[in-house]
Amino acid sequence: MLLLHTLRTEKDRVLAGLAKRQVANAEATVDQIIALDDQRKALQTSTDSLLAERNNLSDKIGALMKAGKREEGNAMRDKVNAIKDEAAIGEEELKAVKAQLEEALLGLPNVPHQLVPAGVTEDDNELFKPFAGQLPTLPAGAKPHWELAEEYGIFDLELGVKTTGAGFPVFTGQGARLARGLVNYFLDRNTEAGYTEYQPPLLVNEASARATGQLPDKEGQMYHCTEDDFYLIPTAEVPLTNLYRDVILDESDFPIKLTGYTPCFRREAGSYGAHVRGLNRVHQFDKVEIVQFAHPDNSYAILDEMVAHVGDLLNELGLPFRILRLCGGDLGFTSAMTFDFEVWSAAQERWLEVSSVSCFETYQSNRLKLRYRAEKGTELAHTLNGSALALPRIIAALLENNQTEDGVILPKVLHHYLGMSKLVRK
RNA sequence: GGAGGAAUGGCAGAGCGGUUUAAUGCACCGGUCUUGAAAACCGACGUACUGAAAGGUACCGGGGGUUCGAAUCCCUCUUCCUCCGCCA
């Protein structure tokens, strides 16, 4: 959620940023929000002074009663009652205006960072770091991962349909082992890089989903357990970031680095077809997430650090990848800047997104009330997160890119985790 | 699932419906003393909104109510603890 202070003092920058995102009627919305806030202030002031008068008179009544001047005290009661009624009306209005204000603010996405390119669709994203090497060439008869999966017994989509429905793959045998190995490898590497490992809940309450911005923006994207009003997490970002909701840090606590493995659940009401075959898009998948909380002065240095870390992981896995800086139109609702990592899927001959690393500045911390003690008072911290890494497309790329006559060659870093150097046909 | 009890500042822990401006202790911070530290002493010590400031308002788990006035009384929800039952 954007800060009212920002809307007031940096309106031009906000409007320019929202324009980059193709937000319609941005100026009217901002003006309306400021008007609501003016209204809120006026109501707050008038109500407060009524309450002050009430408190004042109540004290006097107390004193009068004590002094035995019952008559005078009773007379004053009527006066206080009148003030009370008036104050109650003010409080009611204030509550309504505050609710309106909050809903309006929640409707505004984050302001993109200065360096975020203008653009409408993913085609306008900036190729921040192209792949420098040679893309792998596959032998004749190379297969896409969904065919390899069958041949090698990696995962079974039919079994998932039987147990649950489409988009819930069942990993089997050496495929399940590969998934587990990748999770362990990622967690170990993140821990080495200073991240503390957590196992958070996979269901969150509404307050958590709102604080990180999944609600109200992505209401339909999450699975909702209506009976208990819990949401299945679409990413570990939600529970991990919310661990620090309502927390006031000391500056010396920075940087705070968390990592966690969780399954992720996404309804992904959207397209079906060739682009979503196999593991390209599923309703449940595994992901290891990294989260950082930073001082505003160096959050972008930390974003660079996180990008470098994810790049290291992909290099160690030997996967060709490129880094995109998302344009305004493609940027997530809550993000100020996002880098997407895409690996080359050699059999499908296209790039697959495997990680998204973002800085949210104070957009999330404002709702989280995640602050630190500054020279004077408290300031909002910056929040960041990224995937390190999401499994399905990594598995797809490993299968496709490394397929040989003798099997699928595993990168060296995984040998230890799987107890084997290649996957074999069943 | 049943029966009881509890929820107060960073922590511990007081708080007959009206100087509560939430006692006290510990921790933290500043200072005095000291070569330095410890001890001792002095001081400061929550968050948010509002206001140029002085100040004002709200907040004692959440929500609602009674009252001129609520941390205190009532209702309700949530969470935790104890005991019993069931279960991995």
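A, B, ... follow the sequence lines: proteins, then strands. Residue 1 opens every chain. Everything numeric in this text was worked out from a predicted model, so none of it was measured.
Comparing the same atom, C1', in B/C80 and in B/U66 gives a spacing of 29 Å after rounding to whole Å. B/G2 and B/U76 have their P atoms separated by 15 Å, given to the nearest Å. Rounded to a whole angstrom, the distance from the P atom of B/A27 to that of B/C42 is 15 Å. Taking the C1' atom of each, B/C77 and B/U24 are spaced 33 Å apart, rounded to whole Å. Nucleotides B/G63 and B/G9 are separated by 16 Å at their P atoms, to the nearest Å. Taking atom P in both B/A14 and B/A53, one finds a spacing of 40 Å when rounded to whole Å. Here, B/U79 and B/G56 have their P atoms 39 Å apart, quoted to the whole Å. Between the C1' atoms of B/A23 and B/U72, the separation comes to 15 Å (whole Å).
Using a 4.0 Å heavy-atom criterion, one finds that A/Ser49 contacts no nucleic acid atom at all. Contact annotation for A/Asn55: backbone-only contact, meaning every heavy-atom pair under 4.0 Å involves sugar-phosphate atoms and none involves a base. Here A/Leu57 lies out of heavy-atom contact (under 4.0 Å) with every strand. Residue A/Thr378 is in sugar-phosphate contact alone, with no base atom involved, counting any heavy-atom pair closer than 4.0 Å across all strands shown.
A donor-acceptor contact closer than 3.5 angstrom is absent between the side chains of A/Thr259 and A/Glu197. Residues A/Glu361 and A/His382 have side chains that never bring a donor and an acceptor to within less than 3.5 angstrom of each other.
Counting heavy-atom neighbours within 6.0 Å of A/Glu92 CD, excluding the residue itself, gives a total of 12 or less.
In this structure, A/Tyr223 and A/Phe265 have perpendicular ring planes: the angle between them is above 60°, well past the 30° mark. Between A/Phe254 and A/Tyr372, the two ring planes are perpendicular [angle over 60°; tilted spans 30° to 60°]. Between A/Tyr244 and A/Phe293, the two ring planes are tilted [angle within 30° to 60°].
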Donor-acceptor contacts under 3.5 Å from residues 208-216 of chain A side chains, at least two apart:
unit_1   : atom_1 : unit_2   : atom_2 : d
A/Ser208 : OG     : A/Asn205 : OD1    : 3.1
A/Ser208 : OG     : A/Arg245 : NH2    : 2.9
A/Arg210 : NH2    : A/Glu103 : OE2    : 3.0
A/Thr212 : OG1    : A/Ser208 : O      : 3.1
A/Thr212 : OG1    : A/Gln214 : OE1    : 2.7

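Annotated stems with RNA chain B as a participant read B:1-7 with B:78-84, B:10-12 with B:24-26, B:29-32 with B:40-43, B:46-50 with B:55-59, B:61-65 with B:73-77, given as range with range, by first number; only runs of 3 or more Watson-Crick or G-U pairs under 3.5 Å qualify.
Contact check for A/Asp340 versus A/Ile323: no side-chain heavy atoms found under the 4.5 Å cut-off.
The footprint of chain A on RNA chain B, defined by a heavy-atom cutoff below 4.0 Å, extends from B/G18 to B/G69.
Taking 4.0 Å as the cut-off between side-chain N and carboxylate O, A/Lys143 and A/Glu151 count as a salt-bridged pair.
Comparing A/Arg373 and A/Asp59 by the nucleotide of RNA chain B whose heavy atom lies nearest to each, the residue mapping closer to the 5' end is A/Asp59. Residue order along RNA chain B, read from the 5' end via each residue's closest nucleotide, puts A/Lys98 first among A/Lys98 and A/Lys95.
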